[in-house]
Amino acid sequence: MLAIQEELGWLPDWAIEFASAHLRVPKSEAYGAISSYPALRLSEPPTRLVRICLGSACRLAGATDLRRQLAEAEQVDCLFICALAPAAEVDGRLVGRATLESLGG
Amino acid sequence: VSRDGGETWDGGGATWRVPEEQRLLRNAGRVDPLQVPPGGYTALEKALLLGADKVWRLVRDAGLRGRGGAYFPVGAKWETARNTPADRKYLLVNAEEGEPGIYKDRHLMESDPHRFLEGIQIAALGIGATETVLFINGEAKLSQQRMLAALGGARAEGLCPVPVEVRLGGGGYVLGEETALINAIHGYRSEPLARPPFPAVSGLNAQPTVINNAETLANLPDIVRNGADWFRSVGTAETPGTKLVSLAGDVRQPGLYEVPLGTPLSDILNVWGGGVQGALKAVLAGGPSGSILPAALADTSLDVKPLQDLGGVLGAGGIVALNSSRCAVEMVRGLVAYNARESCGKCTPCREGTVRVLQLFDALVQGKAGASDVETLDYLSDILAYASLCGLGQMAPNPVRALLRHFGEEVREHLNGECRAQVCHERD
């Protein structure tokens with residue numbers, strides 16, 4: 001599933017159907033497994049995907065305000081660069097000490 | 001020294017340096033992670049000469065405990081798997097690291113992958129494992145690249161006697177639970193199973209499986225090289241050795257540090273972290289399953305027992321400092337919200353309980369809660385701790401209980417619609 005997502009950016013219905021047929025499991029089971037992992041996407045991402053970290057360290061550094069100002073951004077639980085809070089990710093590229101400007105908001 | 005902080009810190013002329021003792025991070029930033037470092041794999045050679053029994057005894061005598069958060073004695077876990085007769089035995093290495101605020105395993109894999117790989121091979125020898133599975137977070141791209149490159153290098157030089165298979169995960173806090181991790185590798189939902197049987201008896205493909213954290217295994221090369229007494233020379237009698245601490249929040253120099261176990265939390269903030277920005281109000285220790293401690297208890301030492309006595313856990317080593325401009329209730333609400341999102345939904349106490357706790361916290365920060373709600377929180381915490389199937393639910397109430405215990409006054413203020421940090425009540 002990670003490989004499909006790498007290719008398509010998300011997991012559309014037809015890809016899940018195809019993969020479950022390949023694995024010989026019901027579609028429901030494949031969907032069930034996918035929906036339990038935060039990294040797997042069941043909806044199409046926007047053309048430019050901004051994710052803002054709302055972990056403890058980033059909230060302390062003002063990530064909540066950043067999230068409020070950037071309406072199109074998604075939130076993520078942790079980007080694991082807490083020492084560079086607030087952290088964000090733009091199209092898979094990590095941004096440390098993020099500001100409204102550095103995220104192109 | 002981890003340079004995660006990036007910019008140098010100007011301490012107003014004061015010299016700031018990290019205390020010298022470094023074990024796990026000794027090579028970090030000093031060796032090329034893509035090359036086998038000088039002197040690398042000599043511990044594996046020594047381990048092969050010693051044989052499986054002696055390696056296991058060495059690890060048991062060193063008193064190494066699992067660094068994933070449970071601090072279970074490694075020697076005892078290995079023993080169970082060793083004593084279970086089977087044709088195939090697995091070593092499952094958990095480098096998923098789904099806990100927010102922790103980035104120690106990534107750092108190990110990215111800066112010194114060969115130490116880690118050597119540790120994996122030594123462990124596989126000590127357990128008698130026939131196969132090894134290395135589980136890495138699917139979003140940790142650099143860790144994957146470095147580990148695959150290191151594996152290729154080690155295989156080419158014949159330094160990889162037990163086969164290692166790399167599997168990628170889809171994230172999730174519940175993967176810290178051993179049985180959920182096994183489910184994830186089998187391709188199912190990441191939900192825990194009832195125990196027993198313990199994975200050490202029947203785990204991956206229903207074979208005996210030892211699950212060790214990445215940091216635990218990174219300790220092994222030095223233990224084999226220098227012996228159990230050397231390992232015990234740092235840390236406490238119960239929990240010897242060092243711990244990688246992910247330090248963040250209101251400190252001047254946040255980052256990843258290697259700290260001897262038993263060090264007071266205040267030392268970690270002041271000596272390693274370069275001091276607190278503003279007046280220290282509280283310390284969040286142990287992430288979403290951990291606790292919030294007031295500044296008065298900052299002298300508590302970084303060890304399993306002292307933190308447990310205060311209702312907390314040492315966990316995977318995440319420490320966040322809060323200064324006086326922060327609201328304790330709001331910070332704990334963040335942890336509660338995370339636990340509610342990450343609950344896998346398999347057992348009812350955790351699925352419903354974590355959401356209900358979050359609703360009560362929402363009421364608290366909006367100033368709509370009453371005194372009976374605080375009682376309900378207390379009651380719910382007990383149910384979660386007693387009735388949940390796995391560690392996620394059992395430990396979810398830890399920060400809530402710590403808040404009620406140490407910050408009761410601040411909670412009561414919130415009932416009256418006051419927030420001394422002026423953070424709450426304005427939010428939508």
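Every chain is numbered from 1 and lettered A, B, ... according to where its sequence line falls, protein lines coming before strand lines. Since the structure is predicted, the reported quantities are computational estimates derived from the model, not experimental observations.
- Both the backbone and the side chain of B:S190 come within less than 4.5 Å of a heavy atom of chain A.
- Using a 4.5 Å cut-off between heavy atoms, B:A184 touches chain A through backbone and side chain atoms alike.
- Taking the charged nitrogens against the carboxylate oxygens, A:E29 and A:K27 have no contact shorter than 4.0 Å, which rules out a salt bridge.
- Residues A:S35 and B:R189 bring a donor and an acceptor atom of their side chains to less than 3.5 Å of each other.
- Across all their heavy atoms, B:R351 and B:K346 have their closest contact at NH1-O, 3.9 Å.
- When B:R326, B:K141, B:E342 are compared by the number of non-hydrogen pairs under 4.5 Å with chain A, B:R326 comes out ahead.
- Only the backbone of B:I102 comes within contact range of chain A, judged by heavy atoms closer than 4.5 Å.
- Across B:M331, B:E97, B:E99, the residue that shares the most heavy-atom pairs under 4.5 angstrom with chain A is B:M331.
- When each of B:A248, B:A337, B:G171 is scored by its heavy-atom pairs under 4.5 Å with chain A, the top score falls to B:G171.
- In this structure, no portion of A:E89 lies under 4.5 Å from any heavy atom of chain B.
- Contacts of B:Y338 with chain A are made by side-chain atoms alone, with heavy-atom separations under 4.5 Å and no backbone atom involved.
- There is no contact between A:Q5 and chain B, counting heavy-atom distances below 4.5 Å.
- Neither the backbone nor the side chain of B:E191 comes within less than 4.5 Å of any heavy atom of chain A.
- Between the side chains of B:S289 and B:Y173, at least one donor N or O lies within less than 3.5 Å of an accepting N or O.
- When the shell of 6.0 Å around NE2 of B:H186 is examined, it contains more than 12 heavy atoms from other residues, nucleotides or ligands.
- Contact check on B:E258 versus B:K104 returns no salt bridge, with no Lys/Arg side-chain nitrogen under 4.0 Å from an Asp/Glu carboxylate oxygen.
- Residue with the most contacts toward chain B among A:S56, A:G55, A:A57: A:S56 (heavy-atom pairs, distance under 4.5 Å).
- In this structure, B:K243 pairs ionically with B:E215, as a charged nitrogen and a carboxylate oxygen lie closer than 4.0 Å.
- A salt bridge links A:R51 to B:E139: at least one charged side-chain nitrogen sits closer than 4.0 Å to a carboxylate oxygen.
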